[in-house]
Amino acid sequence: MIALVDCNNFYCSCERVFQPALENRPVVVLSNNDGCIVARSAEVKALGIAMGTPLFKVRELIQKHNIAVRSSNYTLYGDMSHRVMRTLEAFSPDVEIYSIDEAFVYLDGIRADPYDYAARIRATVSRHTGIPVSLGVGPTKTLAKAANKLAKRRHATETSNSFVNNAFLKNSAERQADTETGLPLDAVRKKEESPTPKTIHEGVAVVNTPSEQAQTLAVLDVEDVWGVGPRNARKLRRAGITTALLLRDADLQWIRKTLTVTGVRTVLELRGQRCFQADMTPEPNRQIVRSRSFGRPVTRLEELEQAVAMHAGRAAEKLRAQKSAAGLVSVFVMTNRHKQGPQYGNSATLKLAIPSDATDTILAAALKGLRRIYRPGYAFKKAGVMLMDLSPVAAAQPMLFAELQAPQSSPLDETLDAVNRRFGSQTLRYAAVGFDHPWAMRREHRSPQYTTQWSDLPIVKVSGSP
DNA sequence: TCTGGGGTCCTAGGACCC
DNA sequence: TCTGGGGTCCTAGGACCC
């Protein structure tokens, strides 16, 4: 069996751990530049604010419901994620970290009852980190994902009842029935009690026996299946496949034709056959991208150069961290497509004579590319650097006639990385990055870096003490 | 005023090889 | 008059994930 552990509203939960006053308040966390809402507490979801909504569109709702707003604080979230993952590793030798807030925990060889074990994991993560998690357990990754959806619904029912209109808890069939019958929500909720009382409770769901599988998939909308995106969901719905159960039982030939092999794998996984293997030791990335929107429009080449130099430097750091060298350096700029006015976007890709991980080489290539694509008279919104054709440093292939004496790694970069690891990113940087960045990202609501900055440590006041 | 960032995999079609 | 068959590699674009 495989358990999918998913942190609930992860970024919001991180904020709450260090500011308990947020506990019973609706909370949102914003994307870079404070642009969109990328994380919502249960209360906010219940208000119907969608993932990815631009902040300026819901200003009034935020006022009205006293929603707490935070800029994203990736230093904090990254550290909290690490703590959660370390805790999980105590429960199984095989933990696959899938994203910042999710991990597959393999329970093969673990004797305990899966439900009890999952409940213990949940309680321990909560005690060690303060982060609430949901666990879905099933024989394949896709079924574990499905079980997790069920576990989350249950959890949400328990925590957000004061905000209700729990429309999002039910699948569309039930949503429909609900408006038709006009039944009070509580009555509706009783109808959807778990298949077997013990298998779904308190943020944990186990989907194992054939009947558990069928009952779970029957109440899951087809778009909620892992691997089915909005495009394919529309195709499936047009063909009458509206639930995960109908997808599971669909004709494989037809699926192959309509959704390619990716779809076939998903269907087989729903049938209990493992197609997505465990991946405990992730391969290095095949491509590295660093880009940011600007806090305000940028028109001058010099400012773009500083931004591109910064992205090139950070991309190179990431490259060195995974011990790769890049063969191709690409740079891109674009204007704001949401705005009136002349639009322009372009990219340039340069091939390095020898694959390199050196900041100076990559930075020089990126700036060269930028000067090639820059056009005056445009208000740029975003710039970025992309590294491709990556290979392990040890195996870097020089071109036949290139000079061979190029060093594999520069002592300068090694020092730069060491200093920045210790004193923080960008402590030491190339002069091309510059100093004042009026175009820098906006983060007006950022919380302190509680766990990674001495100066930001939370202070505990004991009552009665000064 | 204000609209994120970073990835992967698959396929079709073109270019090319013998 | 007649114009094969089989293969690889690369890339752009689409779809998905968080």
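Chain letters run A, B, ... following the sequence lines, proteins first and then strands; every chain starts at 1. Note that the coordinates shown come from a computational prediction; the quantities given were computed from them, not determined experimentally.
- Within residues 285-298 of chain A, the residues having any heavy atom under 4.0 Å from DNA chain B are, by residue number, A:Asn285, A:Arg286, A:Gln287, A:Ile288, A:Val289, A:Arg290, A:Ser291, A:Arg292, A:Ser293.
- The residues A:Asp221 and A:Lys149 are annotated as not salt-bridged, no charged nitrogen and carboxylate oxygen being separated by less than 4.0 angstrom.
- For A:Lys318 and B:dG5, the shortest distance from a side-chain N or O to OP1 or OP2 is not below 4.0 Å.
- If you check every strand for non-hydrogen atoms under 4.0 Å, A:Arg234 touches nothing.
- Rounded to whole Å, the separation between the P atoms of C:dC18 and B:dT3 comes to 25 Å.
- Counting to the nearest Å, the C1' atom of B:dG4 and the CG atom of A:Asn32 are 6 Å from each other.
- The C1' atoms of five pairs define one axis at each end of the helix from B:dG5-C:dC18 to B:dC18-C:dG5, and these two axes lie 0° apart (to 10°).
- With salt bridges taken as basic N to acidic carboxylate O contacts below 4.0 Å, one links A:Arg296 and A:Glu303.
- Rounded to an integer number of Å, the gap from A:Ile100 CD1 to B:dG5 P is 16 Å.
- Using cut-offs of 30° and 60° on the angle between ring planes, the pair A:Tyr106 and A:Phe104 is tilted.
- The nearest heavy atom of DNA chain B to A:Arg265 and to A:Met51 marks one nucleotide each, and the one closer to the 5' end goes with A:Met51.
- A:Gln426 has its side chain within reach of A:Val433: a pair of non-hydrogen atoms, C-beta onward, lies under 4.5 Å apart.
- To the nearest angstrom, P of C:dC18 lies 5 Å from OH of A:Tyr98.
- For A:Leu390 and B:dG6, the CG to P distance is 15 Å, given to the nearest whole Å.
- Under a 4.0 Å N-O distance rule, the pair A:Asp417/A:Arg421 does not qualify as a salt bridge.
- Regarding A:Lys145, its NZ atom lies at a distance of 8 Å from the C1' atom of C:dC17, rounded to whole Å.
- Going from atom NZ of A:Lys57 over to atom P of B:dC2 covers 14 Å, rounded to whole Å.
- Minimum interatomic distance between A:Ala366 and A:Val331 (heavy atoms only, all atoms of both residues): O-CG1, 3.6 Å.
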With the sugar-phosphate defined as primed atoms, P, OP1 and OP2, and the base as all remaining atoms, what B/S/- string results for nucleotides 7-15 of chain C, 5' to 3', for protein heavy atoms under 4.0 Å? --------S
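- Note: A:Phe276 and A:Trp226 have perpendicular aromatic rings, judged against thresholds of 30 and 60 degrees for the angle between ring planes.
- A:Arg443 comes within 4.0 angstrom of no nucleic acid atom, judged by non-hydrogen atoms across all strands.
- With B:dC2, C:dC18, B:dG5 as the choices, the nucleotide that has an atom nearest any side-chain atom of A:Ser99 turns out to be C:dC18.
- Where A:Thr260 and A:Arg59 each meet DNA chain B at their nearest nucleotide, the meeting point lying more 5' is that of A:Arg59.
- To the nearest angstrom, P of C:dC17 lies 16 Å from CD of A:Glu96.
- Contact check on A:Glu89 versus A:Arg86 returns a salt bridge, with a Lys/Arg side-chain nitrogen under 4.0 Å from an Asp/Glu carboxylate oxygen.
- The pair A:Arg371-A:Glu305 counts as a salt bridge, with a side-chain nitrogen and a carboxylate oxygen less than 4.0 angstrom apart.
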Could you give me the CA-CA distance, side-chain angles and deciding distance for A:Glu102 and A:Lys145, then say whether salt bridge (charged side-chain N to carboxylate O under 4.0 Å, His left out) is met? CA-CA 10 Å; A:Glu102 275 178 56; A:Lys145 273 274 189 183; 2.8 Å; yes
Passes side-chain contact (heavy atoms from CB on, under 4.5 Å), A:Tyr344 versus A:Ile373? Steps please. CA-CA 10 Å; A:Tyr344 172 68; A:Ile373 58 176; 4.0 Å; yes
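- The phosphate of B:dC2 (OP1 or OP2) has a side-chain N or O of A:Lys339 nearer than 4.0 angstrom.
- Side-chain nitrogen and oxygen atoms of A:Lys381 include at least one within less than 4.0 Å of the OP1 or OP2 phosphate oxygen of B:dT3.
- Within 4.0 Å of A:Asn33, counting heavy atoms only, lies no atom of the nucleic acid at all.
- Straight-line distance from the CZ atom of A:Arg337 to the C1' atom of B:dC2: 14 Å, rounded to whole Å.
- Residue A:Lys382 places none of its side-chain N or O atoms closer than 4.0 Å to OP1 or OP2 of B:dT3.
- Between A:Phe91 and A:Tyr117, the distance from one ring center to the other falls under 6.0 angstrom.
- A donor and an acceptor atom, one from each side chain of A:Asn8 and A:Ser134, are located under 3.5 Å apart.
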